[in-house]
Amino acid sequence: MIKPRAAAPPSTDSHLEPLDHEDVIVRRGRRSGLYTFVAVHSTLRGPSLGGCRIWGYLDSHEALRDVLRLARAMTYKAAVADLPLGGGKGVVMTAPGASLTSERRTAALLDFGDAVESLGGRYITAEDVGTSSRDMRVIAERTRHVAGLPRRLGGSGDPSPFTALGVESAIRACCERVFGSGSLRGRIVAVVGLGHVGSKVAKRCARAGATLVLSDIDPRKRRLTEELSAGWAPPERALEVEVDVLAPCALGGVLDHATVPRLRCRIVAGAANNQLADTSVAALLAERQILWAPDFVANAGGIINIAEEQHGYDAASASRRVRRIGDIVLDIFDRADAAGTTPLMAAMELARQRLAT
Ligand code: NAD
């Protein structure tokens, strides 16, 4: 779980977020005193689903911008994965660098549960940065519109193994497109961010025969290099190492007009949400002939797994569906080539078409 840090906003986009959402609620929790934001972007294809993020924001504008932007991204993610779900998101705003006592954290989760309940099922919550499947149990004391409960309680549990499986599938699809083979044997892969998802992406790639370069701002994560016989790059240099594949698995906004010219990779495919600081970065990547798997396609494994809860959870069936992410990525590359556009634009167009029907 990422600890809130001072001056480390999850979004680097300084523009105001356009408002095209169905519902936005802002509430001050009566138990915790903390502000909760919930945005329902779209319920056109089904109830909106998206995680609950507990994070230290500099101010309410930043928290609101984050929840609006993340909710919209969930609509696109569910539509491209062809799930009967819409997009939503929840945020509990803490102060940068603040850590909550366990009592206040529980209070905040119960308050958040009340906010979810007030939407009457139009929004289903799940875990996200700063929350875990254990936290979902606390939220479930106040609302039944919770996904990702522990497996023994009938939920789909921790989504990160499925997100990692989907990211591997996306990486293989990119390798097929760039190198003519989806095999990872002998490929060099940099994984930046070794949390729930990144550590599992690294292990999967190592098992598939890739050579790894790992990086994290938390020096304790360096232990993984021994287990996987991997190299290590300090986080400030991690984007510049010469590799076949760069897998961003930390926070968003890492690819911008300053970092993209310094990349030395052929492929970018990872788990982090909102990897591009803004949409113009997709064209910059294409100009540099770096193939980018749109993040909301590559990292959809978690939501595909959660969607399985809608008709009785079955892990094997979830895995089969998640493995199809590679095919979706290849389809998007085909669409982008045919339309002479970027994978980002092709994926967004596919989502718009699905929403229109
Ligand atoms: P996590 O909190 O478990 O791990 C994030 C890791 O990134 C931590 O180890 C942290 O120390 C590291 N980190 C933070 N800033 C960094 C930096 N600048 N350089 C290098 N390392 C840095 O989070 P997670 O659940 O693994 O999720 C990772 C990303 O994937 C997030 O953007 C999340 O929104 C996205 N995502 C996660 C899931 C899921 O199933 N957990 C699903 C879809 C998308």
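Whatever order the structure lists them in is the order used to number ligands and atoms, beginning at 1.
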**Student:** Which is closest to atom 19 (N) of ligand 1 by heavy-atom distance: Val254, Asp128, Ile217?
**Tutor:** Ile217

**Student:** Does at least one non-hydrogen atom of Arg53 fall below 4.0 angstrom from an atom of ligand 1?
**Tutor:** yes

**Student:** What I want to know is whether Cys249 and ligand 1 share at least one N or O pair that is separated by under 3.5 angstrom.
**Tutor:** no

**Student:** Compute the minimum heavy-atom distance from Gly193 to ligand 1 and say whether it is under 4.0 Å.
**Tutor:** yes

**Student:** For ligand 1, which is the ligand I care about here, please tell me if His196 has any N or O atom under 3.5 Å from one of the ligand's N or O atoms.
**Tutor:** yes

**Student:** Only one of His21, His41, Lys89 forms a side chain to side chain donor-acceptor pair (under 3.5 Å) with Thr75, so which one is it?
**Tutor:** His41

**Student:** Check the pair Leu214 / Lys221 against side-chain contact (heavy atoms from CB on, under 4.5 Å), numbers first and verdict last.
**Tutor:** CA-CA 9 Å; Leu214 305 179; Lys221 301 289 171 73; over 6 Å; no

**Student:** Flag Lys221 as yes when one of its N or O atoms lies below 3.5 Å from any N or O atom of ligand 1, and as no otherwise.
**Tutor:** yes

**Student:** Counting both backbone and side chain atoms, is some N or O of Thr163 under 3.5 Å from an N or O of ligand 1?
**Tutor:** yes

**Student:** Tyr57 vs Trp55 aromatic rings, parallel, tilted or perpendicular, using cut-offs 30° and 60°?
**Tutor:** perpendicular

**Student:** Have a look at Ser132, Ala300, Pro161, Ala250 and point out the one with the heavy atom closest to atom 29 (C) of ligand 1.
**Tutor:** Ala250

**Student:** Taking the basic N atoms (NZ, or NE/NH1/NH2) and the acidic carboxylate oxygens, is any pair closer than 4.0 Å for Asp82 and Arg45?
**Tutor:** yes

**Student:** Taking atom types as modelled and ignoring hydrogens, do the side chains of Glu308 and Ser156 form a donor-acceptor contact shorter than 3.5 angstrom?
**Tutor:** no

**Student:** In the single-linkage hydrophobic clustering (I, L, V, M, F, W, Y; side-chain heavy atoms under 4.5 Å), do Leu19 and Leu355 co-cluster?
**Tutor:** no

**Student:** Are Val116 and Val138 co-members of a hydrophobic cluster defined by side-chain heavy atoms under 4.5 Å apart?
**Tutor:** yes

**Student:** If we only consider heavy atoms of Ser160, is any one of them less than 4.0 Å away from an atom in ligand 1?
**Tutor:** yes

**Student:** Where do Val201 and Glu168 land on the side-chain contact (heavy atoms from CB on, under 4.5 Å) test, with the steps shown first?
**Tutor:** CA-CA 6 Å; Val201 169; Glu168 183 200 347; 5.9 Å; no

**Student:** Any nitrogen or oxygen of Gly198, main chain or side chain, under 3.5 Å from a nitrogen or oxygen of ligand 1?
**Tutor:** no

**Student:** Side chain, backbone, both or neither: which part of Val192 has a heavy atom under 4.0 Å from ligand 1?
**Tutor:** side chain

**Student:** For atom 6 (C) of ligand 1, which candidate among Gly51, Gly195, Gly166 holds the nearest heavy atom?
**Tutor:** Gly195

